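Just so we're clear, the structure is a prediction, and the values are computed from it rather than from any experiment. The sequence lines fix the lettering, A, B, ..., with proteins before strands; numbering per chain opens at 1.
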There are 2 protein chains.
Amino acid sequence: MVVEAEKGEFPESMIKRTKGVTISQVAEAAGVARSSVSRAFTRPDMLSPETVERIMKAAEALGYVPNHTARALSTGRHGNVGLIVPDIANPFFPPMIQAAQLEADRSDFCIFLGNTEENPKQEDKLVGRFAGQVEGLVLASSRLSDERIRAHAGKLPLVLINRDLDGIPRVLIDSGSGVREAVEHLVKLGHRKIAYVSGPSTSWSNKQRRSAMRAAASGLGVAVETVPAVLPSYNSGRNAVGAILATGATAAVAFDDLTAQGVLAGLAEKRVSVPSDFSLIGCDDVLGAVTYPALTSVSNRSMEAGRVAVSLLLDMLQSRAIRDVRYVLETHLVVRNTTAAAN
Amino acid sequence: MVVEAEKGEFPESMIKRTKGVTISQVAEAAGVARSSVSRAFTRPDMLSPETVERIMKAAEALGYVPNHTARALSTGRHGNVGLIVPDIANPFFPPMIQAAQLEADRSDFCIFLGNTEENPKQEDKLVGRFAGQVEGLVLASSRLSDERIRAHAGKLPLVLINRDLDGIPRVLIDSGSGVREAVEHLVKLGHRKIAYVSGPSTSWSNKQRRSAMRAAASGLGVAVETVPAVLPSYNSGRNAVGAILATGATAAVAFDDLTAQGVLAGLAEKRVSVPSDFSLIGCDDVLGAVTYPALTSVSNRSMEAGRVAVSLLLDMLQSRAIRDVRYVLETHLVVRNTTAAAN
DNA sequence: ACTTGACATGCAACCGGTTGCATGAAACTC
DNA sequence: GAGTTTCATGCAACCGGTTGCATGTCAAGT
């Protein structure tokens, strides 16, 4: 229920905000030209120390604060970068966002956050809306086509996370290494047929994980069956359980922890107990030990990815050059309690 | 490990972005004044339909896109709002952020996200940095003092979430109602002494929950002991377990689910089994059924809060007036498996 | 036919900074 | 002491839009 206490409109005067003190007022107060005030703030070394001090005192007294928008208009630099993620509610992203923000902050940049709801259309729209307000953009786990990404990269500095496009700076979390370890771990436990519960087909991570599965499995002489789950979510995982069991696999690796968690629930419903009857491994290790049994998973490096991506972007902005950087972060298997010997 | 493939600098020409087509170029192409181009985009009804069409065609041909910054400078409206949260990694917030974003999007507003790391200094700094780039701000679970909040509210339109300050529009998730139900539920199960594991002392929600606990308990004639946990996190909860048990309570209500999850882990370590030996209830219901045993919790309305807060803010921006709105969202107890009869 | 309006469009000032160039004074050279 | 360099500061144009007011045109009113 909702209680709304409406006490009526306030008089106009009450909402009058102190509308900005301008550079001109400071200039007049300090008895200098506007340009000197501007310089006092941006390149104080060009002015005599006494002048700078006088200006600063006047500015202080008037409560002057430089107008960001005006500055952006004349310099073309707004000190903002955008970060677009497919699903902020997916626990993979918040740490990344946090790290990105921290890194941006160190250089006095602000972050525009975009959430695409896993929808390429929405992503396109957001990029368009952000362009022109940000100096550069980080696209995390983009669901856009290569062409769209390249098109955008032509318009503003872009850094990708978990998307591997030549010529565009990118930070890749190589879950391949971790997935390989996962497969080896399962094989060592005696599993001969393993299911891979896949994620979004447009996801680079998904392609990567699936092919790492296949490669590792064929190297070890065991079989892999892919079961589609479309969206990385609890429900997708839960709905996939029927198909997983139908493959006859005794173990599964899921595209991510959320999916794995769903699978776990689905298995419990079907009275398949984990890990004694079935082994399960997640990816991204976002759930830590909170599932029951605690989920064996492939570690993620999402914080580091966020930090590095922003750092790369800021470098680009500073140097005004694109370096074809391909920054790879390796991952590892974290063994907990959802894997055991096959029976 | 990190692999960095540096392929060298690209030639300057390659990174030349198509620098904006301006209104002047469109004007020339269409054979009209700049002002007409401007009006074609902002108030087409002022122009003859043919002129509008001609301008639009020229704009299209040149790939003109209005410059957001310039527009913001002359109109004073930048179409951005800020949202500041204490901890984006706390699962309470992502759904709220998501909903806020969705609502902003409906009115073509962009969201600036700020993360304060639960640190009032950082929050102050962020507000300062955002002011001037956003038209208004939503402060969620602010850790600032009343004075600082009022000071900021004097400078730009502000909406609060989970903070109750007279005269400033606010959206409150009334966990009181849910906490009351929680206490009633525990008492009905025979518990006579209940611990409250508190959250941040500057948190409005914490004050509210604690006093709801006290009121409900004294109404029912049972005892409440408060155990401090300082930060709402897994570790805080885990570390609080000793103190909780020392109170002699047979049940506890934790400030939030994260804290509760930590308590759950701490209890397990001490071989206290839940719910047979001890009953536990969380708040915010962010973990759903993923803990083991599935956590009984007080529902949250964070999505709705995010949506409503932004909607309120946009209203303020449109009407240029402050209404003293106090929007209250009630909550309820969701019973799962961490509560049982006292023994 | 002459006034009156309504309407479409242009002109120019403005938003609040930044920056290349000009100027004038002080400091240096020989 | 005249000529040159250096340095601090001011002037004015510019960034790319928006908007109040003036102007000109054309149709309606009488």
**Message:** Between Leu47(B) and Ala70(B), which residue's closest nucleotide on DNA chain C lies nearer the 5′ terminus?
**Reply:**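 On the 5' side of the pair lies Leu47(B).
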Hey, does [X] reach any base, or is it just sugar-phosphate, or nothing, if we go heavy atoms under 4.0 Å?
| X | result |
| --- | --- |
| Thr69(A) | nothing |
| Ser24(A) | nothing |
| Ser35(A) | base |
| Tyr64(B) | sugar-phosphate |
| Val37(A) | nothing |
| Ser48(B) | sugar-phosphate |
| Leu73(B) | base |
| Ser36(A) | sugar-phosphate |

**Prompt:** Can you tell which of dG16(D), dT18(D), dA8(D) lies closest to the side chain of Arg71(B)?
**Reply:**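 Nucleotide nearest to Arg71(B)'s side chain: dT18(D).
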Is the shortest side-chain N to carboxylate O distance from [X] to [Y] below 4.0 Å?
| X | Y | result |
| --- | --- | --- |
| Glu147(A) | Arg150(A) | no |
| Arg106(B) | Glu103(B) | yes |
| Asp166(A) | Arg326(A) | no |
| Arg39(B) | Asp45(B) | no |

**Nearest heavy atoms of Leu62(A) and Ala29(A), plus distance in Å** =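 Where Leu62(A) meets Ala29(A) most closely, the heavy atoms are CD1-CB, 4.2 Å.
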**Request:** Please list, chain by chain and in numerical order, all residues satisfying salt bridge (charged side-chain N to carboxylate O under 4.0 Å, His left out) with Lys125(B), sequence neighbours excluded.
**Result:**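 For Lys125(B), the residues satisfying salt bridge (charged side-chain N to carboxylate O under 4.0 Å, His left out) (neighbours in sequence not counted) are Asp105(A).
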Would you mind reading off the distance between [X] atom [atom1] and [N] atom [atom2], rounded to a whole angstrom?
| X | N | atom1 | atom2 | result |
| --- | --- | --- | --- | --- |
| Ile55(A) | dG17(C) | CD1 | P | 13 Å |
| Asp45(A) | dA8(D) | CG | P | 9 Å |
| His78(A) | dT18(C) | NE2 | P | 15 Å |
| Glu53(A) | dT9(D) | CD | P | 13 Å |
| Asn67(B) | dG16(C) | CG | P | 17 Å |
| Ile23(A) | dC15(C) | CD1 | P | 13 Å |
| Met46(B) | dA22(D) | CE | C1' | 13 Å |
| Glu28(A) | dG10(D) | CD | P | 13 Å |

**Message:** Taking atom types as they are modelled, would you say the side chain of Arg39(A) forms a donor-acceptor pair with the base of dG20(C) within the 3.5 Å cutoff?
**Reply:**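 By the distance-only test, yes, there is a pair.
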**Message:** What I want to check is whether an N or O donor and acceptor connect the side chain of Arg34(A) with the base of dG16(C) at under 3.5 Å.
**Reply:**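 A donor-acceptor contact between them is absent.
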**Message:** Is Ser74(A) close enough to dT19(C) that one of its side-chain N or O atoms is under 4.0 Å from OP1 or OP2 there?
**Reply:**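 Indeed not, no polar side-chain atom of Ser74(A) lies that close.
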